[in-house]
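Right, one structure below, let's go through it.
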Amino acid sequence: MPLAKTTFLIIAGLTLAGCNGSDSTEDIQVQERSPSVARQWNEVLLNAIRSDFARPTIHARNLFHISSAMYDAWAILHKDATPYLAGATVNNYQCDVKGISATTDIKFQEEALSYAAYRLIDHRFFRSPGAVETQTNVTNLMMQLGFDTTNSATDYENGGAAELGNYIANCYIEYGLQDGSNEQYGFNNQFYLNENDFIEPASPGNPNAIANNNYNSWQPISLSKSIDQSGNEVENTPPFLSPEWGNVLPFSMTQDSSVTKIRNGNEYKMYFDPGSPPFLGTGSSEFYQWNFALVSMWSSHLDPQDGVMIDISPKTLGNNPALPSTNSLAAYQQFYALNEGGDSSQGYDENPITAQPYQEQTVPRGDYVRALAEFWADGPESETPPGHWFVIMNEVFDHPLFERRFAGSGDIIGPLEWDVKAYFALGAAMHDSAIAAWSIKGYYDYLRPVSAIRLMADLGQSSDPAEANYHALGIPLSDGYIELVNSDDPLAGTQQENTGKIKVKAWRGPDYIQDTSQDVAGVGWILAENWWPYQRPSFVSPPFSGFISGHSTYSRAAAELLTRFTGSAYFPGGMSEFTIAANEFLVFEKGPSVDLTLQWATYKDASDQCSLSRIWGGIHPPIDDIPGRKIGKIIGNNVFDKATSYF
Amino acid sequence: MKNLKKQLSIVFLVVALLSCGGSSETTPSIVKAPSPAIPPVSTKPVLTFSNQTNALNIKVNHSNALQQFLTEPMLFSAGVAVADYNNDGYLDMYFVAGSGGTNQLYQNQGDDTFIEVASEAGIAISGVKGSGPTFADIDGDGWLDLFVGAVDDDQYYLFQNNRNGTFTDITTSSGLLMTAANSVSSTFGDIDNDGDIDMFISHWGNPIASDKSLGIVWRNDTHNYVIKFVDISSELGMDTLYQGQIVDTSFVPSLSDIDSDGDIDLLLVSDSGKSKVLRNDGNKLTRTNDISVNDQFGMGSAVGDIDNDGDMDWYVTSIYAKASNSQSSNNTTSYNGNRLYINDGEGNFNNSAFVKRLDNGGWAWAACFADFDNDGLTDIFHVNGWGQSGLDFSQYQDDISRFYLQQNDGSFKESAAEVNVNEVKQGRGVICNDIDRDGDIDIITSNNDSNASFFRNELTTGHHYLTVQLQGNSPNTQALGAKIQVTPSTGSVQIKELRVDNNFVSTNAVEAHFGLGSQDLPVNITITWPNGVVTEHSAVAIDQLVRLQQPKQ
């Protein structure tokens, strides 16, 4: 490998001089090009995702296929690597490639890779709302790299690297048309129907679920009417995104880890079945009530003015002990801190890289949890959770202390080889995570906290039969967090219309925010029927069921993969940081009130904090979180093993 | 190490030279240097259209008096047909004007002017919700007869050509006794291989009942120029075609020999319930079990060999998702648009509309295949639009017509605005024919509750063409079902079928137009006539209209 590096310096000059007679020196350092061409395409792809609809399943697939196509274009020209799809048969799809021999010339690999990425990104995003911007970005990068976008030929046997790249892209396009995603018909659902009608958060309670007598099924969220790009007022009740994603062809997962279940006469293929979540009205009611009451209680932590200060450095946060071994109330009670928030983090005595203790960083809890919730929101205009882990991985690779040694040992690998392999592996992990998590989401069809908290409150309180408004399936009372409205309560109303209802101490919701750059909704007592998650009112909760958490699955899978790939559980230097500027970072409302820095010692710590952020953000209870982490752990390791078998 | 380095650099030097186009020698594997980012010099003729509606004095204003009680057929009907009804060699135009107007016949004077002669011709139908006119030589006398459909139980008409520029209404004596309220689109072809052409009519909205014929296929039993039709839909085994539906949802019948076995098969574009492929096996039309034919709301139809591989492909227009607006809460997120069914050579189809980016045509209606820029590649034009302010689906009111220009690599470039056919109307019918006989394909649109439009093709010089008309032996004087193969000295072989192409309520003139690109030498033509006889015509001069005669039996 080091040999090829020096060789190319001469060749590039010759090629250019031979063709147009100009003497060019700019390409001389091509082998050492850093960031690599793969990285440049990855950045273009992440931007394309940011300007598309926030569809984490679809973008996990995009990230995998485009990364894999780049890897293939590189690997098929490399003597020591095996491509994934190019020249192979994957899941019964054959991508025949004949007569290609390896080259040590990185320029050809770059060219093939660029055409593959260009064609595939162009195809995958041609109907994106950001299509014009994405088309401009991909065309500009091709021009910058000196490649002709009008060459769409795939006849690589009579052509060259460009044609090979186009051919590989075409294989991925064709593979994608038969991979179960229903791409060519808009990824539309083919049989899923929601069992509960919508919930409209702007109106009190959850009348549709109550009327339907169904306390466990997902509900579409009816958002306030919004204005679309053409200036039209549009109805906005997004359908369930990807409930049939279990049918999509995976990378590492096999029949051994899947089961096929029938719900409403439709088959759902499910990977790593974690068993049922707790259902209200069954033997697991108490666990259900605890889970969703916890989400409401943690919402009370979103107050920067409550005087609670916590250390958010790795000295205190991170280094979780084992996850709850069973999905039971007792095991979860032990793992999560119901009242003060957070998990069983033990923190670290010292940074193992520097052998120094981590510096304490004490900040208002209300600032930390809000920043955390927004940092990991990964909603509209983001690169979505699978893309977020590509951003994190790129930052790791950019760290001055980071060395490109596979699994932490051996020779340093060139930037292009390193990036194509890393993207391939991480893309595969994200894709499998999406398939596994959404296969479970689709089958169990489990409701979000906004549905559960409101419907429990609509039923009543389940703590004291002697008290007002008792219902065994109601919300459990908890002093200081969830209480009954008494007649002398300010919430009782002028006609005492709210007396006997449930109130919760929680983030007060979008009604208290006129200007997100100036206003803070704050935490206070509100009627539980008006409970909102800490999200934008135009989003409320992602348009798919909660069980299991996609964030937990993606993040843990990525963390495991990064650990194996880099050979270290720790971020370079023993810690990664993300700086949050006071009164600038938050977009749901004004804040945070102080500067703070999100810090993680290990990839797993970052993943764990991501998981918790979803509880504070009001969109997942613990029962969504833990199975996601467990499945992510399996996927991350399986994908690493399988991906590296190609290297 | 040093030696190897030198060796490698030599190899790549060779590569660099090759990439500059210096040698035809091919070396294995990937040995081409990165392509320079220099765009090729364009020598292509420029394609644009000019709207000549006013200049040609075309004053058709379709109206179904929509201020009254509205029905869906009132909103989807309209129509136009182009044909040389008076055998003067020029293509004439007949428009349906709806219940609020009078149908019009524009007689082509051959000098880029038209005279409206519907009354003189005896086909000035007035105050009728007409739909889908179609010309065909039903009685085999060499003169085109005319069928005009209708909706909402309004009167349909069959006119026999009097061979003197006038027609006689023979509806009641013809045996065409259609019970369906709507006769939307029609076409003709010899389904039973008895030599005469039979009739096919779609009846969207016709209630399904047991023991009731669909009335879609009518056998031509004409003798001695006395036109007679008999409904043979049941005989052909079509009674269960729409089983499980409340109504027949057929919109367009298209006829093509999709399995290249020498007889015509029926492609029945159908709204909700998927379009139907019916193979002709001699005495039955048997529906294929082709799950790839999966359009949701088939509306328009275009048939032809779009990929130049020798078999007939099929474009079915439908509806593509569009965000609803404040006037209409109708959710269309699951509507996935047009289909381009690519034929595998044996009559099995695979949809490639998504990959080719031909699926999002709005609320699409009539479509046609034609080589508008004469480059030898088939392009697609279709109209669209639906809904009225305050009514359902009004988000489709401002749909823009689509013009998909096929590129050399088989992809399509949507160019409606670029070529000036980006019409925003309630487009229903489309005609694609070289009406001014200047060697390129013009476009006519027929629009519901609006004026018709005439877009003249202003293609600049540089590409060549050949238009072929066939004169068949009576009774199939139009040689419907014939196959025409054009073999240029360079470039692809092209095959076209002669059909009465109904695009949705609109029928093209029966002729085959071949774009030949920059190749300027005479071509060879092979005709497979409807009776199976093959004739060869070598070194036929191009850039002209040729008429070829079927050998007498």
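Because the structure is a prediction, the values reported are computed rather than measured.
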**Asked** Taking NZ, NE, NH1 and NH2 as the nitrogens, is one of them in B/Asp290 or B/Lys274 under 4.0 Å from a carboxylate oxygen of the other?
**Response** no
**Request:** Give, as side chain, backbone, both or neither, the part of A/Glu174 having an atom under 4.5 angstrom from any heavy atom of chain B.
**Result:** neither
**Prompt:** Are A/Asp52 and A/Arg124 within salt-bridge range, i.e. N to O under 4.0 Å?
**Reply:** no
**Item:** Main-chain N/O of A/Ala161 paired with A/Glu111 side-chain donor or acceptor, under 3.5 Å
**Value:** no
**Item:** Which of B/Asp409, B/Val355, B/Asn336 touches chain A most, by non-hydrogen pairs under 4.5 Å
**Value:** B/Asn336
**Request:** Below 4.5 Å from any heavy atom of chain B, which atoms of A/Leu177 appear? Answer side chain, backbone, both or neither.
**Result:** side chain
**Request:** Please step through ring-ring contact (aromatic ring centres under 6.0 Å, His included) for the pair A/His78 and A/Tyr71, ending with a clear verdict.
**Result:** CA-CA 10 Å; A/His78 194 279; A/Tyr71 168 75; 9.6 Å; no
**Request:** Name the region of B/Asn351, side chain, backbone, both or neither, that has any atom closer than 4.5 Å to a heavy atom of chain A.
**Result:** both
